Each structure stands twice: as structure tokens, then as C-alpha cells.
2 protein chains.
Amino acid sequence: MSQMQNVERQLREMILGLEIGPGEKLTERWIEGRFGASRTPVRAALLRLETEGLVGRDGRGWTVSPINLAELEQIAVYREAVEVAAVRLTCMHAESSAIDVIEAMLDSCDDNTPREEWHRVGMDFHIELARLSGNEFLFRAVRDAMTRLSRARWLEVRDEAALGRAWAEHRAILAAARLGDADQAARLLSAHIVGSRDRLVTSLANDRRGLRARGFAVVAA
Amino acid sequence: MSQMQNVERQLREMILGLEIGPGEKLTERWIEGRFGASRTPVRAALLRLETEGLVGRDGRGWTVSPINLAELEQIAVYREAVEVAAVRLTCMHAESSAIDVIEAMLDSCDDNTPREEWHRVGMDFHIELARLSGNEFLFRAVRDAMTRLSRARWLEVRDEAALGRAWAEHRAILAAARLGDADQAARLLSAHIVGSRDRLVTSLANDRRGLRARGFAVVAA
DNA sequence: GATACCATTTTGGGATACCAAACTGGTATC
DNA sequence: GATACCAGTTTGGTATCCCAAAATGGTATC
């Protein structure tokens, strides 16, 4: 694998894993030293991550994008538009076996599964469902939106009950998709996204002080 | 302005203006010489344009993205999802004066207006309408989709009648938005996009031979 | 004439050198 | 003590150099 992809992947993981906090300044030279690459691949990686919204310009320099509550709400609206469109397409032509694969992903999580894995599967559910639409642009839109949301979801305080409810909603959406009931699937997915947004925003707004204390930049809505 | 932005802007204009044909190979060294910049800004520009879908990798090298009929159809579906969502938001809270600004854009085109300007205003109509939604992600999605479509629209054979029909549809959408009739605006916009796609795909499919003869790579649906 | 093969050139990926602008820390001044 | 100012350092932007891999083109072979 090329150095550029290497730096990009590792830096992305550090940002998404909150090993580098939202709002932190980045210097090309620090990244260079940290990953043992020269500035050429570092710059390429930063340019890529900028388009993903994970880093941004701060005057002349680079900054890990802060977590922005207003942005999270806007992403939820965007997600709703593209995911609902995608699931409608999926209902029209997806094969049951493809739905089974996604259902198996959900099944793979149980009481022993680490929280991080639940987090990942919860995102992949939406991404893979969008992939089944067969529309590359809807798929990418969902994938990119989930990437932008993923740090916030990491911070979210999720109780067991909320997690169970989310999984039940996921299964209900799959059931509707399996029957080809586009309206029902759209309705359920839409409600799921709105509910998910509400819980997320509430959780983060309540915990904003704590997050700031941990050194994370959190911008108000 | 920095060299990077300069190279990016000029190269984008050349690609969108078909001064460099779809499917043509690009070398970093050629761009370097063409714009009098060194490879660093050239590479940054290429990375950016890659995320816009205007250039792509061809093995190790770079290629101006060919015009892909299947992709155009997928973009239309994507556009429909995000533009309809945006216009619904716009109906909920946009001020009449903001609608007036867009209407004025439409008015600015008359019989003496060059074709290129009609083309640009036709795109800006959709972009500015999406901007009024206030949702940054829906806005960017529309803007990026229009960018990807713009080369194809340039090639499209548009008769006067079709252009007039499109403008009438634009005005009808604005009228609905002004009244805050979200359902009606959504319906009209959706029909407009579908009709626009049909005309575009038909036109390009019929003219594919001619386009290839002019040296443009056009990929079948 | 087609093809396999090799020398040469070209090209993108990476590393490094240089510069001007921005930042930093300390100092003199009021 | 606050502030204006200046030297030194850091940093991103750019240019340039090096390299291995890929493309190229000519040639020998069948």
C-alpha cells in the first residue's frame, strides 16, 4: 500500500477514534514525523480528509473538525433524504438473500460484543442498506454522512435500552424491505433517523460541558 | 490567489468547457507546463477534482472522466432525492424576497442571451434554490451533482421549445415555493428533474456516435 | 508480418530544499 | 502592568530532485 493511503487511513482512524480530539490543531510536520512519511503523502491525505469533513482549514493551518451540533442536525436531514430514497429503490429490486446478509450483521452482535463493535455495525447497517439501492451516489452520500456522524455517536451516552430499540427498528426496516413495502420501509427509516438524531443531540447537548472538559471542541447548535 | 486554487480553477474550467475532452489522458507534467505551476499545486488540484468526479485514476495515471450515461441516470435519481428535500425545506421558511432573487436570474435570460449563459443560469437556478433550504449538505449535494451533469448538458441538443418549457417549469416551481406549497413544489420539481433526465439521456444516446467522432469518451448506460 | 524482447524514456510517488508569511517570546517603552 | 515592537522560530506553499514502475519504441526472431 502506498504511503499516502497509509497516512490517510491511519490519520482517519486516529481522528474517528478520538485519539486526536475535535478542534485540535494539526501541523503537517507533526503528521510527517508521527507516521514516518514525507510531506507529499501527508498533504495528499489532508486534502482527502478535508473533503470528508474530518479536518478543515484554520487560517493557514489545519484543524481536526470540531463536533458541531448544528451540523449534526443538518446531516440528519440530509441522511433522511438520501437514505429514504435509497431504501425505496432497495425495496423495488433487492433480493431477499441480500437482505439476509444485512440481518446477519445485526445478529452478530450480542451481550458479549464490545461497544465499539455495536457502534460499527450500527453504521454499517445503514451503509450496506444504501448500497443495495444500486445507486452509487446515494450510497456514497450515506457512507460519507455516517463518517461525519461517527465521532459524535462515539461520544453519545447510549444505554442498553436505546441500543435494543435501535436494533428492533433496524429489523423492522429490513422486514418491510423484504416484503418490498417501500412506503412502510421509508416511514420506519425516517422515524428511526429522526429519533436517532434527537437522542444524539440531546445526549451531546447535556454532556457538552463534560466533553469540553475532556478537551474536545463542541460547537453549539 | 494561491497557485493551487489557480490551477484547480483553470483546469476545472477547461474540463467543464470541454477544452479537454472526456476520456483524455492527463499527465501531471503537462498540467505543470500548461499552467506554469510546479507539481505540488498540480497534484493538490487533481486530488480535489478527483473528489468532484471530473478526473479519475487510470491505473497509475489521470484521466478526464468520460461521460457515463448510466452515471447520469443515477445522478438524476440522487438529485431528485436531495433537491426535493431541499425545496420542501425552502417552502417552510424561505422569504419571498429570496425567491425574487432567483426569479430575477431567470428573467435575465432573453433571446439575445448566449446559449452558454442559459446553460449556466439553468444550473444556478437549482443550486440557488437548494441554498435557500439553509441546509449546507443538501446545498453541496445539489451543487456537486450539477457540476457532474454540466458537461453532458453542454453536449445536449436543446431546441428552443425545450428551453422554454424548462424555464416555465422553473417558474412554476418558484410560484409554488412562494406560496409555501411544499407538496406542489416537490411534485413539480420531481417531474422537472425526471423530464430533464429523459431528454438528456435520449439526446446523448442518439448522438453518441457523433460525440465519439469528436473524440469524447461516452460510456453506454 | 506478427511477436517476443530489451533499452530508453516518461511518469507518478515520495523526499527534500527554500521561501515568505504567521506565530512566539521576550524586551523596551510608557 | 499593559502595550508596542522586534528577532527568532515555525509553518504551510512551492519548487525541485530522486526513484521505481510503467509505457514506449525499436529490433531481433520465428
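Here the structure is a predicted model, which means the values were calculated and not measured.
Atom CD of Glu28(B) and atom C1' of dG14(C) are 11 Å apart (whole Å). For the pair Glu32(A) CD and dT16(C) P, the interatomic distance rounds to 8 Å; values are reported in whole Å. Ile31(A) places its CD1 atom 15 Å from the P atom of dG14(C), with the value rounded to the nearest Å. For the pair Asp58(B) CG and dG12(C) C1', the interatomic distance rounds to 13 Å; values are reported in whole Å.
Residue pairs that meet the side chain to side chain donor-acceptor pair (under 3.5 Å) test with at least one member in residues 14-26 of chain A, sequence neighbours left out, are Lys25(A)-Asp58(A). Sorted by first and then second residue, the side chain to side chain donor-acceptor pair (under 3.5 Å) pairs involving residues 28-41 of chain B (not counting sequence neighbours) are Glu28(B)-Arg39(B), Glu28(B)-Trp62(B). The side chain to side chain donor-acceptor pair (under 3.5 Å) pairs that include a residue from residues 136-147 of chain B are Glu136(B)-Arg140(B), where partners are two or more places apart or lie in different chains.
Side chain Arg60(B) to base dG13(C): no donor-acceptor pair is found below 3.5 Å.
Applying the side-chain contact (heavy atoms from CB on, under 4.5 Å) criterion to Asp110(B), with sequence neighbours excluded, gives Asn112(B), Thr113(B). For Glu71(A), the side-chain hydrogen bond (donor to acceptor under 3.5 Å, both in side chains) criterion is met by no residue, not counting sequence neighbours. Remark: Ser190(A) engages Glu80(A) in a side-chain hydrogen bond (donor to acceptor under 3.5 Å, both in side chains) (not counting sequence neighbours). Take Asp207(A) and apply the salt bridge (Lys or Arg N to Asp or Glu O under 4.0 Å) test, not counting sequence neighbours, and it matches no residue. When the side-chain contact (heavy atoms from CB on, under 4.5 Å) test is applied to Asn6(B), the partners found at least two apart in sequence or on another chain are Met1(B), Gln3(B), Arg9(B), Gln10(B). For Arg199(A), the salt bridge (Lys or Arg N to Asp or Glu O under 4.0 Å) test picks out no residue, with sequence neighbours left out.
Side-chain nitrogen and oxygen atoms of Gln3(A) include at least one within less than 4.0 Å of the OP1 or OP2 phosphate oxygen of dA15(C).
Counting any heavy atom pair closer than 4.0 Å across all strands shown, Gly59(B) reaches no nucleic acid atom.
The stretch residues 38-55 of chain B touches DNA chain D through Ser38(B), Arg39(B), Thr40(B), Pro41(B), each having a heavy atom within less than 4.0 Å of the strand.
In terms of modelled atom types and a separation under 3.5 Å, the side chain of Gln74(A) and the main chain of Gly134(B) share a donor-acceptor contact.
Read 5' to 3', the first and last nucleotides of DNA chain D with an atom closer than 4.0 Å to a heavy atom of chain A are dT11(D) to dT14(D).
In the helix from dG1(C)-dC30(D) to dC30(C)-dG1(D), the terminal helix axes, each the rotation mapping four pairs' C1' atoms onto the next four within five end pairs, subtend 10°, rounded to 10°.
To the nearest 0.5 angstrom, Leu69(B) atom CG is 7.5 Å from Leu200(B) atom CG.
Each of Gly36(B) and Arg29(B) has a nearest nucleotide on DNA chain D; the 5'-most of these lies closest to Gly36(B).
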